[in-house]
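Every heavy atom of this structure was used, including side-chain atoms; hydrogens, water molecules and symmetry mates were not. Just so it is clear: chains get the letters A, B, ... in the order the sequence lines come, proteins before strands, and each one is counted from 1.
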Amino acid sequence: YYRMRGYNVLQPMGWDAFGLPAENAAMANKVPPARWTYDNIAYMKRQLKSLGFALDWERELATCKPDYYKWNQWIFTRLFKKGLAYKKTGVVNWDPVDQTVLANEQVIEGRGWRTGALVEKREIPMYFFRITHYAEELLAALDGLPGWPEQVKLMQKNWIGKSEGVRVGFPYSLDNEKRVLWVFTTRADTLMGATFCAVAAEHPIAASAARKNPEVAAFVEECKRGAVMEAELAQIEKKGMPTGISVTHPLTGEKLPVWVANYVLMGYGEGAVMAVPAHDERDMEFALKYGLPVKPVIRHPLGDKVPAPWKAEYAEYGSLINSGKYDGLGYQPAVDAIAADLEAKDLGEKQVQWRLRDWGISRQRYWGCPIPIVHCTSCGDVPVPDDQLPVKLPEHLVPDGTGNPLAKMPEFYETKCPQCGGGARRETDTMDTFVDSSWYFARFCCPDQPKSMVDERASYWMAVDQYIGGIEHAILHLLYSRFFQRVMRDEGLMPGVSEPFSNLLTQGMVLAESYYTDASGRREWVNPADVSVERDAKGKILCAQRTSDGAPVVYDGIGTMSKSKNNGVDPQSLIDKYGADTARFYTMFASPPTNTLEWSDESVDGSYRFLKKVWDFSAKFSKAKCAETFDRKIRYQIHLELKKANDDIERQKFNTVASGCMKILNALEELPDWDATSREGLSILMRLLSPIAPHMTHHLWRELGFGEDVMRAPWPVPDPAALEQDEVELVVQVNGKLRGSIRVPKAADRAAIEELARANPNVQRFVAGQNVKKVVVVPGRLINLVV
RNA sequence: GCCCGGGUGGCGAAACGGGUAGACGCAGCGGACUUAAAAUCCGCCGGCCUUGACCGGCCGUGCCGGUUCGAUUCCGGCCCCGGGCACCA
């Protein structure tokens, strides 16, 4: 479409090829992930070619090839030297039987997917990218992205999660040493209502309490067990235990008890919170459960008291009560006054807090880009120098599911320190595959450049004018790419380009039913194409079995098509049966691209029939026998549809473009004979249809004698003269209900319209004997008589 | 649990800044052509009521309520489904 509009269009394709699914397939089939991956690339490339997407294959790249991932490693060493990549401990899921780290996806109901063993948390050293360095810019720049869906920008905003609040210190002494427990709160106005503090299990206070009290130690251990996913943590029962330590309220001097609680996250803020049960739902739940005091300090819409159960109004802003000198102040004045008083005592100040955490990129897995670090006992962690890059990943290994194969391979990890030349150990962790996918779009601009990550050609093409991806990438992938673009900018690689994608289209997910067998004790996902289902009268699934061997399968509900659930539908069957143009047309016609879609190819026949009708109609057409006259009515319809179709392309509603093509053909079929309308209409139809069904329209365009190449023809635009109308149809309503319609001259005035409307017999039935209080006329649309 | 979306005929959907709900298709039903089938063409196709037939009426966009001359569209509350929650990518 844009090429026909005269633009210089670059449409590349490549393969995001590292990652867990390749390792799993490798284990299942006992072949190296590399081979499995390259075979799949070959299959998919053939399929994409058969669909005729006009891709520039000279720019093809794969993230698992050394000439690509070399630059992951190169940029990592640059970030490491700047302190934007650094090492600290991180928490992972540990399978105690396989002695291996599990991805969140591999933890099913708290157990390892292969072993069924209860998963434990484990702290290990990892490398992190300091994405928080760019938090403020990543947030602020969202306002400068008019081509992004509001929904995605909102999700990113909430994810980055800037909150302005107050850091409050609660002094205490431990082992005769004066210390301060710091908490962050966005509700400093409720500080006078704080009745206890709660800390995370990993907090130093919890650790010291655990040393003295075995009960606390047992509870801390309990909290540390289990998986690491936030969704899971948020749903567990809120539990806590007193540490026996108390802190001093910074303003009242009161003693407040400190509890360890499983709902406090070490990763956010200070890993500790002040609890105000009167005005926070979670705190109230906790206080009621453990008999802790509740002290209201805000006048809320329901009054001064906060009787259980919790009501949302308790959390609303209001003026302060029971707060001594702060009584009567509203939210902001109260926060200002309290922050000032805390600052005077050195026990607090206003603070900005981010929800965004730094990006942990270490993976204890084989099929990924090696992290270019050498561990030397005398020099520490040394980045691999440029002239030794890339650190190549051996491609012949078959993982067995127990730990990282690289760590069992001395010829990989035994090395020399680049600094002192002494014996050293190479890092065996690989990078998160999100690193690979955070900058590939820029490499497409210059995939053959051997000397640098990107060159000046990237500055010509970037930013990407139209990026397309699933809505599931709304946060992580898109945020990491925005971070990487800034990293590359600040390395001087693409000066002035801060955002990678000017316009973003987020596709809806394609959903399908998924099924598994668990005969072997663990889930084996069965493709829906291999499942026979019995349903009741309402379509609900009664039972299902694998078609190939009759094994019973469990229905796991409807969800995203994914590699992990093996519920994808291969478009090849559609291409084989109907051809590429029908597959493409149907995909466009089925629904707008942003919709989620439950996949069904039941109605492909309609798309096939339409294209066949276009073919047959064109075959019958004879240019020589055309009259030189236009059919005004049909020409109007065609140009109206063309106008709508052009609007719809801009709105990215391709399903109505496809139906517009159908309407144009329907209109053409009403013409009694070939004439100028047929000729012009066919020419418009071919061009409108060419981005959707290029193979067929390319052929027909020539056969019809319109020219050599439809894809080089100018994009059709409606003729304003064809859209002129002398009369319009108006709907007549009485009290907002449809009672009839009238045809009026385009220039008719209000009085004339009203007179015609009142003359309509059905309208008279509903107006008769009643007083018309008001007449609403919407030009070109309707007249409403209010009685 | 938290954040973001979605819910319209039997099905996919349309209605673009409140203005004719269901365009365009699929499936279905009836008919034409045919020895027959396929293909193709024509007609009907949200529910209920009224009518001999037209004409027409009432209800209807997940549920409850509100704003408005008028609500699929705006507002409040709820239910269900999907996406994300930092190691699937």
Show, in sequence, the C-alpha distance, side-chain angles and deciding distance for Asp605(A) and Tyr578(A), and conclude whether the side chain to side chain donor-acceptor pair (under 3.5 Å) test is met. CA-CA 9 Å; Asp605(A) 282 341; Tyr578(A) 296 98; 2.8 Å; yes
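- At the phosphate of rG57(B), OP1 or OP2 sits under 4.0 Å from a side-chain N or O atom of Arg739(A).
- The side chain of Leu154(A) has rG5(B) as its nearest neighbour among rA89(B), rU20(B), rG5(B).
- If you take atom P in rA15(B) and the same atom in rA23(B), they sit 13 Å apart, rounded to whole Å.
- When the nucleotides rC88(B), rG12(B), rU40(B) are ranked by their closest atom to the side chain of Arg609(A), rU40(B) comes out on top.
- rG76(B) adopts an anti glycosidic conformation, its chi angle falling more than 90° from 0.
- Relative to the side chain of Thr656(A), the nucleotides rG5(B), rA89(B), rA14(B) differ in distance, and rA14(B) lies closest.
- Across rC41(B), rG82(B), rA89(B), the shortest atom-to-atom separation from the side chain of Lys613(A) is found for rC41(B).
- Among the protein residues, His473(A) comes within range of the nucleic acid bases, having at least one heavy atom under 4.0 Å from a base atom.
- Here the nucleotide nearest the side chain of Asn655(A), chosen from rC88(B), rA14(B), rA23(B), is rA14(B).
- Taking a pair to require two hydrogen-bonding distances under 3.5 Å in either a Watson-Crick or a G-U wobble arrangement, rA86(B) remains unpaired.
- Rounded to an integer number of Å, the gap from Asn158(A) CG to rC4(B) P is 5 Å.
- Contact check, Asn666(A) against rG25(B): a side-chain N or O comes under 4.0 Å of OP1 or OP2.
- Arg282(A) comes within 4.0 angstrom of nothing in the nucleic acid, heavy atoms only.
- Residues Thr115(A) and Asp98(A) bring no donor and acceptor atom of their side chains to less than 3.5 Å of each other.
- Considering only side-chain N and O atoms, Thr433(A) lies nowhere under 4.0 angstrom from the phosphate OP1 or OP2 of rC87(B).
- Distance noted for atom C1' between rU50(B) and rC55(B): 11 Å (whole Å).
- Glu472(A) comes within contact range of at least one nucleobase, with a heavy-atom separation under 4.0 Å.
- Across all strands shown, Pro592(A) has heavy atoms under 4.0 Å from sugar-phosphate atoms exclusively, and none from any base.
- Across all non-hydrogen atoms, the minimal contact from Gly568(A) to Asn527(A) is O-ND2, 3.1 Å.
- Set against rU20(B), rC87(B), rG5(B), the side chain of Gln151(A) has rG5(B) as its closest nucleotide.
- Taking atom C1' on both rC16(B) and rA89(B), the two are 34 Å apart, rounded to the nearest angstrom.
- In this structure, Trp159(A) reaches the bases: a heavy-atom distance under 4.0 Å links it to at least one base atom across the strands shown.
- Rounded to whole Å, atom P of rC3(B) lies 17 Å from atom CD of Gln156(A).
- Taking the side chain of Glu230(A) as heavy atoms from C-beta on, and the options rA86(B), rG19(B), rC41(B), the nearest nucleotide is rA86(B).
- At a threshold of 4.0 angstrom between heavy atoms, the contacts of Ile558(A) are confined to the sugar-phosphate backbone, with no base atom among them.
- If you check every strand for non-hydrogen atoms under 4.0 Å, Gln235(A) touches a base.
- Distance, Met509(A) CE to rG5(B) P: 17 Å, rounded to whole Å.
- The residue Val101(A) sits close to a base: some heavy atom pair falls under 4.0 Å.
- In this structure, Asn762(A) reaches the rG57(B) phosphate: one of its side-chain N or O atoms is under 4.0 Å from OP1 or OP2.
- Salt bridge absent: Asp280(A) and Arg187(A) never bring a charged side-chain N and a carboxylate O closer than 4.0 Å.
- Contacts of Gln106(A) with the nucleic acid, taken as non-hydrogen atoms under 4.0 Å apart, are absent.
- Nucleic acid contact for Phe610(A): none, since no nucleic acid atom lies under 4.0 Å from a heavy atom of the residue.
- With rC87(B), rG25(B), rU20(B) as the candidates, the nucleotide lying closest to the side chain of Asn93(A) is rC87(B).
- Residue Arg357(A) is in base contact, counting any heavy-atom pair closer than 4.0 Å across all strands shown.
- Asn104(A) contributes no side-chain N or O that forms a donor-acceptor pair with the base of rC87(B) under 3.5 Å.
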Begin from the C-alpha positions of Asn40(A) and Trp15(A) and carry the test side chain to side chain donor-acceptor pair (under 3.5 Å) through to its verdict. CA-CA 10 Å; Asn40(A) 273 290; Trp15(A) 315 97; over 6 Å; no
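- Note on Asn784(A): a base of the nucleic acid sits closer than 4.0 angstrom, heavy atoms only.
- rG46(B) and rC11(B) have their C1' atoms separated by 13 Å, with the value rounded to a whole Å.
- When the P atom is used for both rG10(B) and rU61(B), the distance is 13 Å, rounded to whole Å.
- Spacing between rC29(B) and rG22(B) at atom P, rounded to whole Å, works out to 25 Å.
- Regarding contacts with the backbone of rC24(B), every side-chain N or O of Lys663(A) stays at 4.0 angstrom or more from both OP1 and OP2.
- Rounded to a whole angstrom, the distance from the P atom of rA71(B) to that of rC64(B) is 15 Å.
- Here the P atom of nucleotide rA86(B) and the CG atom of Leu265(A) are 11 Å apart, to the nearest Å.
- Around the NZ atom of Lys157(A), the shell of radius 6.0 Å holds no more than 12 heavy atoms that belong to other residues, nucleotides or ligands.
- Side-chain atoms of Glu598(A) and base atoms of rG12(B) include no donor and acceptor less than 3.5 Å apart.
- Leu738(A) has its CG atom 16 Å from the C1' atom of rA71(B), to the nearest Å.
- Atom-to-atom, CZ of Arg355(A) to P of rC4(B) comes out at 11 Å; the value is rounded to the nearest Å.
- A distance-only check finds a donor-acceptor pair linking the side chain of Gln764(A) to the backbone of Arg758(A) [under 3.5 Å].
- Checked by atom type and distance alone, the side chain of Arg363(A) never pairs as donor or acceptor with a backbone atom of Thr430(A) at under 3.5 Å.
- Counting any heavy atom pair closer than 4.0 Å across all strands shown, Asp16(A) reaches sugar-phosphate atoms only and no base atom.
- Spacing of P atoms, rG30(B) relative to rC80(B), comes out at 41 Å, to the nearest Å.
- Closest to the side chain of Lys737(A), out of rC88(B), rG5(B), rC58(B), is rC58(B).
- Residue Ser591(A) is in sugar-phosphate contact alone, with no base atom involved, counting any heavy-atom pair closer than 4.0 Å across all strands shown.
- Regarding contacts with the backbone of rA15(B), a side-chain N or O of Lys653(A) is found under 4.0 angstrom from either OP1 or OP2.
- Residues Leu479(A) and Leu356(A) form a side-chain contact, since some pair of their non-hydrogen atoms from C-beta on lies under 4.5 Å apart.
- Between the side chains of Tyr86(A) and Asp358(A), at least one donor N or O lies within less than 3.5 Å of an accepting N or O.
- One can place CZ of Arg363(A) at 11 Å from C1' of rA89(B), the figure rounded to the nearest angstrom.
- Checking the phosphate oxygens (OP1, OP2) of rA13(B), a side-chain nitrogen or oxygen of Asn595(A) falls inside 4.0 Å.
- Taking atom CZ on Arg765(A) and atom C1' on rU50(B), their separation rounds to 11 Å, with Å as the unit.
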